[in-house]
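Report on the structure given below.
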Amino acid sequence: MVRKASRRVVRLTALAAVPVLLAVGCSSSSDDSASEEDNAPASEAPSPEPVRFAELPEPCSLVGGDTIGDVVPEADPEDGAALESSNTSASAACLWNGLDEYQFRSLTVSLRRFDSDPAVGSGDERAGAYLQQMVEEVTGDEANHEPAAEELPETGDEAVSIAYAVTKEADGDEHDYRQQRVVVRTGNAVVTVDYSGAGFQGDDLPGAGGIKEAADLTAQEVVTNLEASGADQSEDGADDEDGADGSEGSDGSGSEDEDPKGDS
């Protein structure tokens with residue numbers, strides 16, 4: 001039985017991946033070999049595949065105020081709290097917590113972006129692997145009660161919604177939480193929505209259906225707004241190309257000049 005309210009804010013930190021960078025060099029030991037190399041076709045390093053997202057928007061801006069009012073009543077702060085990230089161009093997250101009388105709700109929206117790297121795969125492939133990692137983080141944790149995963153149709157390029165329950169201890173008391181994680185890949189970016197609800201001081205635990213619906217709809221809103229930001233990036237890249245002086249422009253997807261450590 002739930003016995004005591006807790007206002008402790010649980011902060012999530014963004015995961016990071018370290019890309020592998022390969023350096024290729026060649027040398028000549030004689031003038032003859034140098035001449036042969038001059039006549040031979042020059043070898044070129046493979047170009048990374050273009051990606052949809054070259055940067056990430058602010059995650060707190062991807063959820064509207066009306067949605068927050070519905071899914072996190074009495075959220076404080078209303079605009080959400082940005083979580084710390086060592087590289088906001090590659091990962092970012094925003095947290096909302098709210099306690100409405102004895103009903104607690106928590107929402108975290110996390111974004112993760114991957115660049116293409118010939119050594120480890122395209123941005124889309126790396127994002128797909130990360131989606132699976134986020135799913136298995138829930139389904140493989142024995143502390144989570146009866147996780148049930150299902151596909152979320154017509155959301156991004158691929159999406160999974162996972163319902164589960166968890167018991168957490170705070171100040172010596174145990175509280176039951178209804179949880180939902182929605183993980184969506186769109187291009188080379190992954191959206192992870194974690195939504196949690198609990199009833200304190202004897203209030204009812206929120207229903208699984210309501211928690212799932214709120215999480216799914218929030219994830220779809222985030223993805224819609226993220227994809228709109230990606231379209232803006234493509235338009236900006238096209239403008240750069242039109243204005244370039246005799247050189248090929250960027251396709252808005254992360255260029256050769258991009259820092260290879262940008263997705264760490």
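Between S61 and E58, the closest heavy-atom pair is OG-O, 2.6 Å. For the pair P59 and W96, the tightest heavy-atom approach, listed with the atom from each and the gap, is O-CH2, 4.2 Å. Across all non-hydrogen atoms, the minimal contact from V51 to G123 is CG1-CA, 4.1 Å. Closest approach of V184 to A219, counting heavy atoms only: CG2-CB, 4.5 Å.
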Practice task
Give the intermediate values and the outcome of side chain to side chain contact (heavy atoms under 4.5 Å, CB included) for residues D173 and H175.
Solution key: CA-CA 7 Å; D173 293 328; H175 303 282; 3.9 Å; yes

Test side chain to side chain contact (heavy atoms under 4.5 Å, CB included) applied to D117 and R126, step by step | CA-CA 9 Å; D117 186 331; R126 298 176 69 194; 4.3 Å; yes

Side chain to side chain contact (heavy atoms under 4.5 Å, CB included) between V182 and V160, intermediate numbers included | CA-CA 6 Å; V182 187; V160 180; over 6 Å; no

Can D115 and R113 be said to form a salt bridge (charged side-chain N to carboxylate O under 4.0 Å, His left out), step by step?
CA-CA 7 Å; D115 288 320; R113 186 186 68 82; 2.5 Å; yes

Problem set entry | Check against side chain to side chain contact (heavy atoms under 4.5 Å, CB included), D124 and R185 | CA-CA 8 Å; D124 288 16; R185 180 185 71 82; 3.8 Å; yes

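Taking 4.5 Å as the limit, every side-chain heavy atom of V190 sits out of range of all side-chain heavy atoms of L111. Put simply, the side chain of T192 does not reach to within 4.5 Å of the side chain of V109, judged on heavy atoms. Using a 4.5 Å heavy-atom threshold, the side chains of K168 and E174 count as separate. The closest side-chain heavy-atom distance from V191 to V183 is not below 4.5 Å. Between F53 and S229 the shortest side-chain heavy-atom distance falls below 4.5 Å. Counting only heavy atoms from C-beta outward, the side chains of Y195 and R105 approach each other to under 4.5 Å. Using a 4.5 Å cut-off on side-chain heavy atoms (C-beta onward), T186 and L226 make contact. Looking at heavy atoms from C-beta onward, D194 lies out of side-chain contact with L107 at the 4.5 angstrom threshold.
Classification of R178 and D204 as a salt-bridged pair fails, no side-chain N sitting under 4.0 Å from a carboxylate O.
Sorted by first and then second residue, the disulfide (SG to SG under 2.5 Å) pairs involving residues 99-142 (not counting sequence neighbours) form an empty list. Note on residues 62-82: no pairs pass salt bridge (Lys or Arg N to Asp or Glu O under 4.0 Å), not counting sequence neighbours. Residue pairs that meet the disulfide (SG to SG under 2.5 Å) test with at least one member in residues 131-165, sequence neighbours left out, do not exist here. Note on residues 208-226: pairs passing salt bridge (Lys or Arg N to Asp or Glu O under 4.0 Å), not counting sequence neighbours, are E150-K212, K212-D216. For residues 78-112, the pairs satisfying disulfide (SG to SG under 2.5 Å) are C60-C94, with sequence neighbours left out.
Rounding to the nearest 0.5 angstrom, the gap separating the CG atom in N144 from the CD1 atom in I162 is 9.5 Å. How far OG1 of T67 is from CG of L62: 11.5 Å, rounded to the nearest 0.5 Å.
Between Y164 and H145, the ring center distance fails the sub-6.0 Å criterion.
Linking Ile, Leu, Val, Met, Phe, Trp and Tyr whenever their side-chain heavy atoms come within less than 4.5 Å leaves L217 and V71 in two separate clusters.
Under a cutoff of 6.0 Å and an axis angle of 45°, R112 and F114 form a cation-pi pair.
Taking the six-membered ring where the residue is Trp, F104 and F200 present tilted rings, their angle falling between 30° and 60°.
Applying the side-chain hydrogen bond (donor to acceptor under 3.5 Å, both in side chains) criterion to S196, with sequence neighbours excluded, gives Q179.
Under the 3.5 Å distance criterion, with hydrogens and angles disregarded, a donor-acceptor pair is assigned to the side chains of T155 and Q220. A donor atom on one side chain and an acceptor atom on the other are not found under 3.5 Å apart for S116 and S122. A donor-acceptor contact under 3.5 angstrom links the side chains of N87 and S89, judged on distance only.
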